[in-house]
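Just so it is clear: chains get the letters A, B, ... in the order the sequence lines come, proteins before strands, and each one is counted from 1.
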Number of protein chains: 2
Amino acid sequence: MSQRRITIYDLARAMGISASYVSRALNEHPSINPEVVAAVKKKAKELNFKLNSHAANLRQGSSKTLGVIVPHINQSFFSEIIAGIEEICFEHNHSLIICQTHESFQRECLAVDTLVRQNVDCIILSVAAETTTTEHLESIAQHNIPLIQIDRYLDQLNSCKVLNDNKKAAYDVMQSLFGQGYERIAFLGGPTHLTTFKQRRDGFLQAWEDSAFSNRTPLLFDDVFDLSVVTKVIDQLLQNENRPDAIFTVSDHQSVAVLQKAESLGIRVPQDLGIFGFANETFTAIMNPSLSSVDQKSKELGIRAARVYFDDIRKNNGIPKINEVILETELMTRQSSIRR
Amino acid sequence: MSQRRITIYDLARAMGISASYVSRALNEHPSINPEVVAAVKKKAKELNFKLNSHAANLRQGSSKTLGVIVPHINQSFFSEIIAGIEEICFEHNHSLIICQTHESFQRECLAVDTLVRQNVDCIILSVAAETTTTEHLESIAQHNIPLIQIDRYLDQLNSCKVLNDNKKAAYDVMQSLFGQGYERIAFLGGPTHLTTFKQRRDGFLQAWEDSAFSNRTPLLFDDVFDLSVVTKVIDQLLQNENRPDAIFTVSDHQSVAVLQKAESLGIRVPQDLGIFGFANETFTAIMNPSLSSVDQKSKELGIRAARVYFDDIRKNNGIPKINEVILETELMTRQSSIRR
DNA sequence: TTGTAAGCGTTATCAT
DNA sequence: ATGATAACGCTTACAA
């Protein structure tokens with residue numbers, strides 16, 4: 001039952017050769033006769049030998065593993081990103097360790113800790129909503145682990161970034177809403193210490209200024225991200241006499257809350273209220289009415305982030321040539337914002 | 001820039017003590033003066049020291065890490081399971097490595113390989129739909145790594161299991177549908193080599209036999225799980241003259257497909273067609289009509305699975321006392337199956 | 001209480 | 001082409 005793990009020494013003994021030779025054979029070192037390679041691999045399979053990664057990593061100082069930290073893994077936006085990263089890791093024979101922060105700063109620190117201890121070759125991070133400081137992230141660099149920020153990011157942190165053009169996307173959404181004849185458009189934003197959300201806010205404001213309604217005060221609500229907060233704000237907003245005729249949110253879950261509140265108040269969507277979200281979560285397409293949303297090309301975001309590591313950072317000895325990758329977004333205009 | 005990683009030797013030198021003493025201090029060994037512990041930890045923070053897990057694991061033969069393998073991480077059923085496992089791992093100061101198979105057998109083998117190489121202390125697995133053989137899973141035991149199957153499982157494999165009472169749940173769903181006056185109830189099943197799906201099928205058949213319609217042939221479709229397959233079957237089923245008046249599926253994604261097809265054909269749900277799914281995915285509650293589904297208590301499944309490892313397997317030196325944990329389910333009867 | 005030294009399973013260097 | 005040996009960073013007997 002409790003037999004020891006099979007090591008290369010066991011293999012070596014079983015085959016009458018040395019451990020170092022076995023190691024080289026398993027790694028297909030060029031100096032080794034292909035027949036020997038085959039024989040060793042066959043024996044390894046026979047004895048159910050599995051390489052001990054810890055030993056190999058310790059020796060090599062590299063773990064052939066990337067780490068990814070996201071707020072939630074059960075949002076299709078992030079799980080698509082992860083799928084993209086996985087795809088590229090797979091191509092390069094690397095593993096992936098996934099951590100989720102649940103938007104908590106403390107969990108983010110913990111995740112960073114875990115990944116550094118695991119000696120991952122690179123960390124891909126989408127910042128938690130709670131995070132305002134960068135100390136825990138700066139420490140990553142001291143371990144010579146490259147950091148790539150993806151989607152959500154902190155501007156003050158010096159790292160590669162893979163992003164959307166959030167300002168443009170938000171601007172485009174506003175054009176779409178104006179085009180549908182909506183005039184009193186409210187904006188439900190996220191935490192503005194994250195540049196990503198600040199940019200969406202900028203896009204909203206820019207579009208407002210460029211519009212025929214620029215003399216009116218824009219209906220802007222910052223940091224309405226948490227479900228409990230967003231519910232309260234929507235309550236007030238929709239029960240108000242001068243309620244908005246459209247609501248643009250920086251996430252799809254905010255949009256769902258808006259839709260549900262509207263339904264409970266008998267406000268018709270999209271006739272009386274237009275709704276536009278962000279991230280193109282899977283459920284937006286199957287809801288009824290279906291929810292308009294910004295497709296951020298999440299899987300491609302993941303692919304590009306991983307490629308920044310493999311094709312740029314790694315090839316240039318840790319010093320990236322590319323600093324920012326900007327991906328186009330696509331407006332998925334659905335029932336919730338089409339009334340013409 | 002490219003400084004070496006800080007080790008306990010660096011700490012030791014900086015403090016004028018030995019490395020082993022540092023190690024013990026960091027691990028809060030009882031023999032160590034609390035002041036020394038504090039001082040060492042302070043210095044460690046100051047120098048941004050992070051323990052090299054690979055080295056520690058290699059030495060200790062344990063990684064303080066669990067591994068979990070699931071078909072998809074972006075289904076709330078599985079992500080809730082993971083959240084549950086995470087919670088318990090966190091309590092016990094363990095990390096978690098998450099792998100997804102995308103229902104592919106090959107990917108599952110790869111994930112097992114990765115986790116064994118990473119020397120995880122335990123593997124929690126929900127089998128991929130494609131998997132019919134157990135060889136790759138039996139090899140896990142040879143490495144003295146305990147395996148816990150969760151939700152989806154292969155009966156022929158000797159391992160701990162954390163499950164729902166699937167037969168009962170399916171039986172209950174049928175009672176609910178009969179209670180709503182549905183009579184021609186079709187069953188869209190999954191791959192029956194996975195016992196989980198076989199049990200749901202059994203529950204359906206049992207309920208059928210116990211019903212007033214037992215003389216009629218049950219409308220049973222096995223292995224209608226893949227989206228492309230399910231779409232075809234639904235197409236035929238709903239365009240048929242004698243189409244069913246209710247459809248019970250073993251997953252929520254099948255139910256969504258049914259709902260969408262029904263809508264496109266102008267079949268009213270729930271009046272003309274009742275729909276009942278399985279897993280209680282997040283989106284089922286926000287759809288319109290909302291989808292009835294079986295709540296499998298997914299987070300609790302995860303919690304219990306992790307506890308089987310920490311509270312049972314680990315405490316009994318790898319030999320579990322508990323072999324099966326069965327969790328009750330709850331019927332979430334929503335708009336899609338209520339017509340009375 | 002503190003230090004010395006061996007060893008975990010690999011791989012890389014240096015021989016042969 | 002093949003083998004001996006040291007080293008990766010840590011923990012743990014054992015010694016002092």
Rounded off to whole Å, could you give me the [atom1]-to-[atom2] distance for the [X] and [N] pair?
| X | N | atom1 | atom2 | result |
| --- | --- | --- | --- | --- |
| A:His29 | D:dG3 | NE2 | C1' | 13 Å |
| B:Arg59 | C:dG7 | CZ | C1' | 6 Å |
| B:Asn52 | D:dT11 | CG | C1' | 13 Å |
| B:Leu58 | D:dT12 | CG | P | 13 Å |
| B:Gln118 | C:dG9 | CD | P | 16 Å |
| A:Glu28 | C:dT10 | CD | C1' | 17 Å |
| A:Lys64 | C:dT11 | NZ | C1' | 13 Å |
| B:Ile8 | D:dT11 | CD1 | P | 6 Å |

What's [X] touching, base or sugar-phosphate or nothing? Going by heavy atoms closer than 4.0 Å.
| X | answer |
| --- | --- |
| B:Asn27 | sugar-phosphate |
| B:Thr7 | sugar-phosphate |
| A:Leu51 | sugar-phosphate |
| A:Ile32 | nothing |

Subject >> Any A:Ser23 side-chain N or O less than 4.0 Å from OP1/OP2 of C:dT10 >> reply: no
Original post:
Are B:Glu138 and B:Thr134 linked by a side-chain donor-acceptor pair shorter than 3.5 Å?
Top reply: yes
Original post:
Is there a donor on the side chain of A:Arg24 or the base of D:dG3 sitting less than 3.5 Å from an acceptor on the other?
Top reply: yes
**OP:** Test for a donor-acceptor pair under 3.5 Å between the base of C:dT10 and the side chain of A:Ser20, counting only N and O atoms.
**Re:** no
Original post:
A:Ser31 or A:Tyr9: which one's nearest nucleotide on DNA chain D is closer to the 5' end?
Top reply: A:Ser31
Side chains of residues 303-310 of chain B: which donor-acceptor pairs under 3.5 Å do they make with residues two or more places apart or in other chains?
none

**OP:** Find which nucleotide of DNA chain C each of B:Pro30 and B:Ala19 is nearest to by heavy atoms, and output the residue with the more 5' nucleotide.
**Re:** B:Pro30
Original post:
Out of C:dA12, C:dG3, D:dC10, which has the shortest distance to the side chain of A:Gln60?
Top reply: C:dA12
Subject >> Listed partners of A:Thr65 passing side chain to side chain donor-acceptor pair (under 3.5 Å), at least two apart >> reply: none
Original post:
Regarding B:Arg107 and the six-membered ring of A:Phe90, is the cationic atom NZ or CZ under 6.0 Å from the ring centre and inside 45° of its axis?
Top reply: yes
**OP:** Please round to the nearest 0.5 Å and tell me the distance separating atom CD of B:Gln100 and atom CG of A:Leu96.
**Re:** 9.0 Å
